[in-house]
Each structure stands twice: as structure tokens, then as C-alpha cells.
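What you see is a predicted model; the values in this text were computed from it and never measured.
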Protein chains: 2
Amino acid sequence: MNALPRYQQLKQQIIGQISRGELKPRDRVPSENELVGSAGVSRMTANRALRELNDEGYVERVAGVGTFVADLQSASHVLEVRNIADEIARRRHRHSATVITQKNERATDEIATSLRIDRGASVFHLLLVHRENDVPIQLEERYVVASFAPNCMQQDFCRQTPSAWLSAIAPLQEAEHKVRAAMPNDEIRKHLQLGDREPCLVVIRRTWSNGQPVSFARLYHPGSRFELTGHYTPPGIRKSTPEPAP
Amino acid sequence: MNALPRYQQLKQQIIGQISRGELKPRDRVPSENELVGSAGVSRMTANRALRELNDEGYVERVAGVGTFVADLQSASHVLEVRNIADEIARRRHRHSATVITQKNERATDEIATSLRIDRGASVFHLLLVHRENDVPIQLEERYVVASFAPNCMQQDFCRQTPSAWLSAIAPLQEAEHKVRAAMPNDEIRKHLQLGDREPCLVVIRRTWSNGQPVSFARLYHPGSRFELTGHYTPPGIRKSTPEPAP
DNA sequence: TAGTGGTCTAGACCACAAA
DNA sequence: TTGTGGTCTAGACCACTAG
């Protein structure tokens, strides 16, 4: 009947004090050494409890100073951005795709800046339409740093999505997203079969591998047929969210 | 020039092997005791490295069996949805708001369903415009379960945002988001001072407290002036993502 | 100088899996 | 029985901060 490990008990105890208001934001939390005395645990155990509370956003620790209750204020809600093929599969619908453009190009200023390469450097350019049960649901415009894209011209992106292909050749470590609403131009409207006054939900995604930008994509979705269904809030608060780049 | 702590070096080494493909999903990762021998660290240090890799989703550990590379498959990217006032403050701009509607109403079918209350039950209805340096940036249409909204008519929502007020009276535990692109109706267009062909980025948010839906909000943003600047992917994969409700 | 967190060690006991 | 992860201990050294 030995319930929780000691470090978990310690965590629960401190979380309880915070949620009951006995410990308020910016209040001092007992130091590791104090917990050694008061809770009768070793310092490593106290350290693990406080370190995990820090990782989970309940407290903030400053070496040489102490441990303090975090002011949680803006619990940052999160929203998931799924791969379109996965999203469709999750709905048990059928995914299909048509390649419109598949070629190597010279990087424009915008693309070069986004991918941190020289203007005019070689990039792989891809344009394709994703369909859900034969209805266009996403126009994917993607640029990949050429050196990361071996055999890119031999790939059949109707069978393997660019996203799946990329994660196979360069395991992504970081990603950056922007979501906008915008009116499509005529070409996009045509490919997505949009009405005249129908806006697009645009997801702009940049992915990184080994500290290097690898891919830049603009994903256009019909406003009437697509939504980002985010969800839930974790109890712990996320802390700093360092940008991969300045 | 003592670079990284040993457990971090160990983590990097293993992450490197995974990302270079030397270790593939479901492959066995050296056990703690093996790392004690091969890496020349103590078992606690090896344990911390593997434990953190587990927390971050790189590997999966099974007591009594071993540690294995996780099959990461669909790394779900996340996107942050910030409180508008915080977002503006973060940009060091000035936030202001104007209340358009503030009254108690009977719940419509849609609102009643969203908030899990009876049709015709009393709800607090709020409509206000948020401005960033005097430029309209968000139209907030919010409904709050009346029993959760004491003194709602006495509140001055120009001074305290509904979001801040809510989190003060009912600490939110879960939230659900949807993001869409849509054309605004005339009233919304007027309040946000939109052009004729300018779409809106619409965030629909439902918040929960103590297992009860508390608030339902539609947040309209000018497509030309607003984007959800989501970011980064945690290296770790989120494991379970339980839905707050069926 | 004293206290803090950050790290590391070399032991230890346990429950559990597989052989 | 052997090996695994899960936990815990009682020390230790370090860099940093504050008084």
C-alpha cells in the first residue's frame, strides 16, 4: 500500500499549497536543504521534486537565489496543427493528391531569407492539391533546401506526402507556424474550387532539422471546409518558448 | 570550457543516433547499466538522461524490459493562442476596449448546446471591441453561464478584460479551440473597420471549470492585421491528448 | 561568507520481465 | 536467476547570489 514515491508526494504537497492559495505567485518555496530537514528526504529527492515542478511550470528556480511560485497568469492555450493526411485519416476519409509543380528553382529573396540560404541558391519547389474524398482541402506550396532534398524529382508525392517524405529524410526538430486568414488569388481559388467571396485559412510552416531551416510551406485551406480544431489546456503552464531564430 | 553536463551530453548523443538513423524506432537503446560502463557515468546520471528522453518522447521505457526508440510518427505541432491583451502587451503596444453589449439573455439553441445548459436558461452576453494602439484588432462575442458570472453587470470590461475577469472568478482548467477563416457580416465589418473583401480569422473558444463549460466565445480578427504566431515543436511528442468532452 | 540551485557519484533496495 | 527500470540516500564539488 506504499502509495506514491517520495518526490511525487513532495510535488503534490507543494502543488496543493499553491492551489489552495497558501503559496501565492512569487512566494518563496522551501529550498532543497529545507525540504531535506522538514520532509525527511535526501537532497537528490527534494531536487527532483522541485526540478520537475519547475519543468511543469509551477515554480521558477534561480540558482543562488531560491525557488519561487510562478505567476501563471496567461495560461497559454495550445492548438494542434496536424499533418493534413493524418487529419484526413483520423476522420476515416480518403486522401488523394495531385502534383501541380515539382521542380528545382532559384530561391527568391523571400524564400532565401526564410530558409537562411543565399538568394539564387537552388531550392526544390512543390505545389500540390490535397483532397479529402475528392474534395480539395489544401493547396500546399512548399520550398525545400536543395541539399536536404535528394532524389526530390524522383519522388511521387501523390503516394507519399511531402511531409512524410521530409520527416523520413530529415527528422524535424523544430517548427514554426503562422496562421492567417486571407483572400486567395485566382490560381489558388481555381485549384481549391473556391467561391468568389470565400477566404482561405493559411498556415505558414517552417521546419528545422539539426539547427538548419529545411522547409518553408504555405498551406491554403478553404474557409468553408476547414478549421483548426485545437483543444484542451494542460494543467501545467508552458514556460519560455524560445524562437528558433531572431 | 566545460560544455554541457554529462546527462545532457548523453541525451544529445542518443538523439544524434536517432536522427542520423543509427537508431531506428523500436530499436533498443543501451540500458542504464550499459551506459554506466560505456559512457563512464554513474547510474543516476544515465537514469536522468534516459528518463528525460522518455519525458520528451524520444524513447519509451518499460520496467524490467528495456528502453526503446519511440516511433514518433505524427509529431503534432502546437500553436499558442494567447489572450489578446497579453498579446498586445507583449508587443509593448497599448490595449483599449469598448463595450458594445453587456446584458443577460436567454440562451439560444446553439449557446445552450455549447454550454451544456437548458435552452432559455440565463446567460451573460458580452460584445466588445479590442484595440491595439486604437486600431480594432478583435471583436469578442462572449457568452458566460449566468451562475458563474456574479456581478457581471457591474464589471467594467474596458478596464479588466473578460478573460482576466473569468480566470479570476473561475480558474479555467480546460479549453477547446477552433480556428476558421470566414467573411464577416456587416456588423462585424463595421466594428472592426474592415475592407469589403477582407476576411476574418475567427477563434472559437470554450472554457471549462470544475468539469463544467463556463464560457463560449467567438473572437473575430481582421485578416490583414492579425495572425496566430504559433511556434516551435517541442522535441518531445505529446502522448495522450484526452478530449475534454465527447 | 553562507545559502542556493546544478550536477555527479557509488552505493542500495524494490517490483517486474524474460529466460 | 538475471537484467531492467524506479527510486532513494549521503555524501561531494561547483558557480552563482546576497549580505
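When DNA chain C is scanned in the 5' to 3' direction for atoms under 4.0 Å from non-hydrogen atoms of chain B, the outermost contacting nucleotides are dT7(C) to dA17(C).
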Pair Arg206(B)-Ser114(B), side-chain contact (heavy atoms from CB on, under 4.5 Å): steps then yes or no = CA-CA 8 Å; Arg206(B) 198 157 53 132; Ser114(B) 290; 4.2 Å; yes
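Heavy atoms from other residues, nucleotides or ligands lying under 6.0 Å from CZ of Arg28(A) number more than 12.
In this structure, the ring-ring contact (aromatic ring centres under 6.0 Å, His included) partners of Phe226(B), at least two apart in sequence or on a different chain, are His221(B). Residues passing the salt bridge (Lys or Arg N to Asp or Glu O under 4.0 Å) test with Arg142(A) are Glu140(A), sequence neighbours excluded. Residues passing the side chain to side chain donor-acceptor pair (under 3.5 Å) test with Asp118(A), sequence neighbours excluded: none. Residues passing the side chain to side chain donor-acceptor pair (under 3.5 Å) test with Glu110(A), sequence neighbours excluded: Arg218(A). Thr161(A) is linked by a side chain to side chain donor-acceptor pair (under 3.5 Å) to nothing, counting only residues two or more places apart in sequence or in another chain. Partners of Asp134(B) by salt bridge (Lys or Arg N to Asp or Glu O under 4.0 Å), not counting sequence neighbours, listed by chain and number: Arg94(B). Partners of Arg92(B) under the salt bridge (Lys or Arg N to Asp or Glu O under 4.0 Å) rule, at least two apart in sequence or in another chain, do not exist in this structure. Shown here are the ring-ring contact (aromatic ring centres under 6.0 Å, His included) partners of Tyr143(B), two or more places apart in sequence or in another chain: His125(B).
Residues of residues 39-51 of chain A having a heavy atom closer than 4.0 Å to DNA chain C, listed by number: Arg43(A), Met44(A), Asn47(A).
Note on the helix from dT1(C)-dA18(D) to dC16(C)-dG3(D): terminal axis deviation equals 10°, with five pairs used at each end and the result rounded to 10°.
Salt-bridge annotation for Arg61(B) and Glu32(B): present, with a side-chain N of the basic residue lying under 4.0 Å from a carboxylate O of the acidic one.
The aromatic rings of Phe157(A) and Phe124(A) lie tilted to each other, with the angle between the two planes from 30° to 60°.
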Determine, for nucleotides 14-19 of chain D in 5'-to-3' order, which nucleotides have protein heavy atoms under 4.0 Å from the base (write B), from only the sugar-phosphate (write S), or from neither (write -).
-> --BB--
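Atom P of nucleotide dG3(D) and atom CZ of Arg61(B) are separated by 17 Å, given to the nearest angstrom.
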